[in-house]
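Being a predicted model, the structure only gives us computed values, none of them experimental.
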Amino acid sequence: EVVRRWDTAYGWIDVVRNTKDGSLTVRQNLHYRHGSTGKTAAREYRQGRLPLLLHPRPADVAFLGLGTGLTAAPVVIDRGAERAVVVELIPEVVEAARLLSPANLGVVDHPKVEVRVGDARHSLARADRRFDVVVSDLFVPWESRTGYLYTVEFYEAARKCLKRGGHFCQWLALYQVGPVEFELIADSFAAAFPCVTL
């Protein structure tokens with residue numbers, strides 16, 4: 001059941017309710033899922049929680065990509081996290097995430113969270129502050145221009161935005177890339193960061 005639809009420059013953005021379990025999904029152009037409050041919700045939440053746990057004091061955090069808001073949601077309850085910036089390319093996805101507020105802890109409108117609509121690359125390049133943790137969410141590698149988010153230049157820009165001892169986390173959906181593409185991304189990452197853990 002379509003709860004709400006936006007006709008955007010990026011195609012349709014929908015919030016869809018599963019009539020069997022009541023879960024909500026944010027999707028684009030009828031097929032690509034930005035995430036769901038259903039079975040994958042715990043995994044999406046952990047994608048944001050794990051990087052925060054790996055840093056001793058993640059006071060300033062950035063999330064590249066909002067989607068459902070579940071990945072950024074852990075910053076709301078993390079006692080060490082004082083401020084967070086969430087960058088989302090598609091304005092209507094921000095509105096869609098608001099409809100999922102009960103599941104994403106109201107991250108879009110939380111007082112310690114600033115949501116910026118824009119391109120993640122450009123946002124990092126002109127960031128006005130440094131971060132303890134930057135989380136780069138899952139991006140579809142075959143989408144036009146998404147490949148820029150896996151380049152040496154992008155990772156170097158991310159590194160410059162980190163405070164001393166800061167962490168950058170890049171999530172990859174291994175079912176979306178083959179061995180060659182994975183090696184290209186890993187090599188680009190390792191070229192920009194002196195210490196890498198897989």
Side-chain angles (χ1 to χ4, degrees), residues 9-11 26 28-29 31-35 40 43-75 81 83-90 93 114-198:
Y10 297 92
V26 177
Q28 184 175 351
N29 292 329
H31 73 282
Y32 175 68
R33 291 177 29 152
H34 285 257
T40 62
R43 183 185 70 213
E44 291 178 43
Y45 184 83
R46 288 183 193 128
Q47 283 177 209
R49 186 72 184 129
L50 181 61
L52 299 179
L53 291 172
L54 292 173
H55 194 281
R57 191 170 184 283
D60 289 297
V61 183
F63 291 90
L64 308 179
L66 174 67
T68 60
L70 292 169
T71 301
V75 78
R83 292 170 301 279
V85 171
V86 182
V87 181
E88 172 55 50
L89 180 64
I90 306 172
V93 168
E114 175 190 351
V115 177
R116 296 179 182 173
V117 174
D119 179 271
R121 292 179 308 128
H122 297 124
S123 293
L124 282 184
R126 61 178 195 270
D128 51 359
R129 68 179 193 243
R130 293 181 179 254
F131 301 98
D132 298 301
V133 176
V134 176
V135 180
S136 188
D137 213 334
L138 297 170
F139 300 111
V140 182
W142 62 81
E143 288 284 333
S144 175
R145 300 185 183 167
T146 302
Y148 293 122
L149 298 174
Y150 300 112
T151 62
V152 173
E153 294 79 11
F154 172 71
Y155 292 133
E156 286 173 346
R159 183 174 174 204
K160 289 176 185 173
C161 289
L162 292 174
K163 293 180 183 177
R164 184 181 179 105
H167 296 170
F168 180 86
C169 176
Q170 172 69 69
W171 289 104
L172 291 175
L174 293 180
Y175 63 88
Q176 294 178 340
V177 296
V180 172
E181 292 81 12
F182 176 79
E183 285 183 29
L184 288 169
I185 294 168
D187 286 347
S188 296
F189 194 92
F193 292 96
C195 180
V196 177
T197 301
L198 176 65

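- Residues that satisfy the side-chain contact (heavy atoms from CB on, under 4.5 Å) test with Ala173, not counting sequence neighbours, are Leu138, Tyr175, Gln176.
- Under the side-chain contact (heavy atoms from CB on, under 4.5 Å) criterion, Leu89 pairs with Tyr10, Asp119, not counting sequence neighbours.
- Taken from CZ in Phe63 to CD in Glu88, the straight-line distance is 13.5 Å, to the nearest 0.5 Å.
- For the atom pair NZ of Lys163 and CZ of Arg129, the computed distance is 8.5 Å after rounding to the nearest 0.5 Å.
- By the salt bridge (Lys or Arg N to Asp or Glu O under 4.0 Å) test, Asp137 is found to be paired with no residue, residues two or more places apart in sequence or in another chain being considered.
- In terms of the ring pair (Phe, Tyr, Trp, His ring centres under 6.0 Å) criterion, Phe154 has no residue partners (sequence neighbours excluded).
- In this structure, Ile185 CD1 and Gln170 CD are separated by 7.0 Å, a value rounded to the nearest 0.5 Å.
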Walk me through whether Gln28 and His34 qualify under side-chain contact (heavy atoms from CB on, under 4.5 Å). CA-CA 7 Å; Gln28 184 175 351; His34 285 257; 2.9 Å; yes

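- Contacts classified as salt bridge (Lys or Arg N to Asp or Glu O under 4.0 Å) and involving residues 173-187 (residues at least two apart or in different chains) are not found.
- Between Phe168 and Tyr155, the angle of the ring planes goes over 60°, which puts this pair in the perpendicular group of the 30/60° scheme.
- In this structure, Leu64 CG and Leu124 CG are separated by 5.0 Å, a value rounded to the nearest 0.5 Å.
- To the nearest 0.5 Å, the span separating CG on Leu70 from CZ on Arg46 amounts to 12.0 Å.
- The distance from the CZ atom of Phe189 to the CD atom of Glu156 is 12.5 Å, given to the nearest 0.5 Å.
- Residues passing the side-chain contact (heavy atoms from CB on, under 4.5 Å) test with Phe182 are Leu172, Leu174, Val177, Ala186, Leu198, sequence neighbours excluded.
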